[in-house]
2 protein chains.
Amino acid sequence: MAKIKSGKNISKQEVIIREAAILFKTKGYSAASMRDLAVAVGVEAPSLYNHIGSKSELLQTICFKVGNEFMDYVDIVEKQSSTNAEKIETIIRFHIKMMLQDFNEIFVANHEWKHLKEPYFTDFLVLRRNYEKKLIGLIETGISNKEFKSINPYIAVITILSAVRGLEFLHRHKNNFTNQTLENDMVNHLLNGIKQ
Amino acid sequence: MAKIKSGKNISKQEVIIREAAILFKTKGYSAASMRDLAVAVGVEAPSLYNHIGSKSELLQTICFKVGNEFMDYVDIVEKQSSTNAEKIETIIRFHIKMMLQDFNEIFVANHEWKHLKEPYFTDFLVLRRNYEKKLIGLIETGISNKEFKSINPYIAVITILSAVRGLEFLHRHKNNFTNQTLENDMVNHLLNGIKQ
DNA sequence: CCTACCGATCGGTAGG
DNA sequence: CCTACCGATCGGTAGG
């Protein structure tokens, strides 16, 4: 998405993207100005345009980087020879790990994608929908296998995806549990709720 | 929050708030302009100010209307003589019903509150935190009672609240299930996951 | 409830 | 990478 105008500038471009993610998360895409971003990066606003094409391009880069990362991962998990419950568990753990690791960019992809311009807006919606469909497929197979209860697979996927997404609230508090406890508790909660 | 400048204007003011919620949800608070809102209401932009104080006041009204509604409800449920599992179930069902009923305003309260100005920003954060604490209390008592497994109550609450919040995604698709199925499936998923 | 209009700020460009 | 600056749009006010 982001144009690479010179091999030497890749690093600076990455700094800009990283700072943009922080800014878009904190103030929202629309309220975050390129002048804010310039201050964060340490240059004047017009200088940003030596490294990036536009503000909207920054949003595209962030959203599709995140979206494709999750899609690539689920493609790998689908091919594993394990139960569907194990696959769902693996994916839930991946979501939680990513949420703790790439918090800013995932937050932006989750909340600010609506500011994408066409055709990226529609492309992103399709990407999300395809991702959901893959998870729904895993749940459906698990129901056929009697691994899971007879539930509506779409509702189960919404429940699971929303729950892991909600980890964005964790950053507001000091917590008295480890990341491992977080992962295990959430996996158990979400899997025990649907297991046969 | 919203000033009532004349008894006769309450209705128009309510129309403005309702349209503002739709607009803030669709475009985001910052990207939604008072000129957009004026078009939706059917007046010129300056005329809006005969009914409301400011754009930020609209956001305050919406956020605290939603926040106080949930807080009032949990206060009532807390006093009921029922098991903690039943109380949690009642609250989950309330969240789902409200989500389907007051979708626009709840979406705005969930996503756009970060644009609140001080002291409202901090007040809203405190309100949310207090709401979470009440739910955590219900889970903790349920763990002592052996109604629930020995889990981290905060993680369980985050999981539950995030899951019901995720119903905002439902509006994007045509669904082949009833609201009752949605309620029951989600309640079962979230409660069976933590019940002893 | 309108027309006319304000200062501030926006994303981005020109030119060096 | 900077200074200088553009047209567009913003929330909101004055005055009737």
Side-chain angles (χ1 to χ4, degrees), chain A residues 1-17 19-24 26-63 108 112 114-118 120-121, chain B residues 1-17 19-24 26-63 108 112 114-118 120-121:
Chain A
M1 216 67 46
K3 283 176 232 159
I4 296 169
K5 298 200 174 173
S6 146
K8 279 196 165 184
N9 290 335
I10 290 177
S11 177
K12 192 60 161 271
Q13 193 188 59
E14 284 172 345
V15 170
I16 293 173
I17 292 167
E19 295 297 330
I22 295 171
L23 219 55
F24 292 171
T26 310
K27 309 187 80 172
Y29 175 76
S30 297
S33 75
M34 296 304 275
R35 283 155 178 88
D36 292 332
L37 181 55
V39 170
V41 172
V43 294
E44 296 298 321
S47 301
L48 294 170
Y49 292 88
N50 292 310
H51 305 282
I52 60 153
S54 65
K55 186 185 179 186
S56 64
E57 193 190 85
L58 283 170
L59 183 62
Q60 291 156 31
T61 304
I62 294 167
C63 288
V108 170
E112 304 298 323
K114 69 176 154 192
H115 298 289
L116 287 169
K117 293 177 184 173
E118 292 291 2
Y120 304 104
F121 179 88
Chain B
M1 220 63 49
K3 284 176 230 160
I4 296 170
K5 298 197 175 175
S6 144
K8 280 195 166 182
N9 289 336
I10 291 177
S11 177
K12 191 59 161 271
Q13 193 188 60
E14 283 172 346
V15 170
I16 293 173
I17 292 168
E19 294 299 327
I22 296 171
L23 219 56
F24 292 172
T26 311
K27 309 187 80 170
Y29 174 76
S30 297
S33 76
M34 294 306 274
R35 283 154 179 87
D36 293 332
L37 181 55
V39 169
V41 172
V43 295
E44 295 298 320
S47 302
L48 294 170
Y49 292 89
N50 292 311
H51 304 284
I52 59 152
S54 66
K55 186 185 180 186
S56 64
E57 193 191 84
L58 283 170
L59 183 63
Q60 290 157 31
T61 304
I62 294 167
C63 289
V108 170
E112 304 298 322
K114 70 175 153 193
H115 298 289
L116 287 169
K117 293 178 184 172
E118 293 291 3
Y120 304 104
F121 180 88

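Lettering follows sequence order; numbering is per chain, from 1. Computed from a prediction, not measured in an experiment: that's the story for all the values here.
The separation between Gln13(B) atom CD and dC1(C) atom C1' is 16 Å, rounded to whole Å. Between Ile52(B) atom CD1 and dG11(D) atom P there is a gap of 10 Å when expressed in whole angstrom units. Rounded to whole Å, the distance from CG on Asn50(A) to P on dG12(C) is 14 Å. Distance His115(B) NE2 to dC10(D) C1': 15 Å, rounded to the nearest Å. Across the protein-nucleic acid pair, His51(A) atom NE2 and dT13(C) atom P stand 15 Å apart, rounded to whole Å.
There is no side-chain donor-acceptor pair under 3.5 Å between Ser47(A) and Asn50(A).
For the ring-ring contact (aromatic ring centres under 6.0 Å, His included) test, residues two or more places apart in sequence or in another chain that qualify with Phe24(B) are Tyr29(B).
Counting any heavy atom pair closer than 4.0 Å across all strands shown, Ala31(A) reaches no nucleic acid atom.
Minimum interatomic distance between His115(B) and Ala31(A) (heavy atoms only, all atoms of both residues): CE1-CB, 4.1 Å.
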- Message: Reading 5' to 3' and counting Watson-Crick or G-U wobble pairs with both distances under 3.5 Å, write the dot-bracket notation for DNA chain C, | for bases paired outside the strand.
- Response: ||||||||||||||||
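Between Ile52(B) atom CD1 and Leu37(B) atom CG the span is 6.5 Å, to the nearest 0.5 Å. A distance of 11.0 Å separates CZ in Phe121(B) from CG in Leu59(B), rounded to the nearest 0.5 Å.
When Ile62(A), Ile22(A), Leu58(A) are each tested for a side chain to side chain contact (heavy atoms under 4.5 Å, CB included) with Val108(A), only one passes: Ile62(A).
Side-chain atoms of His51(A) and Val43(A), non-hydrogen and from C-beta on, never get closer than 4.5 Å to each other. Using a 4.5 Å heavy-atom cutoff, the side chains of Leu48(B) and Glu19(B) are not in contact.
Of the residues in residues 34-48 of chain B, those lying under 4.0 Å from DNA chain D by heavy-atom distance are Met34(B), Arg35(B), Pro46(B).
Ranking dC1(C), dT13(C), dC1(D) by closeness to the Tyr49(A) side chain, first place goes to dT13(C).
Contact annotation: Lys55(A) does not reach the phosphate of dC10(C) (side-chain N/O to OP1 or OP2, under 4.0 Å).
In this structure, Lys12(B) contributes its side chain and Val41(B) its backbone to no donor-acceptor pair below 3.5 Å.
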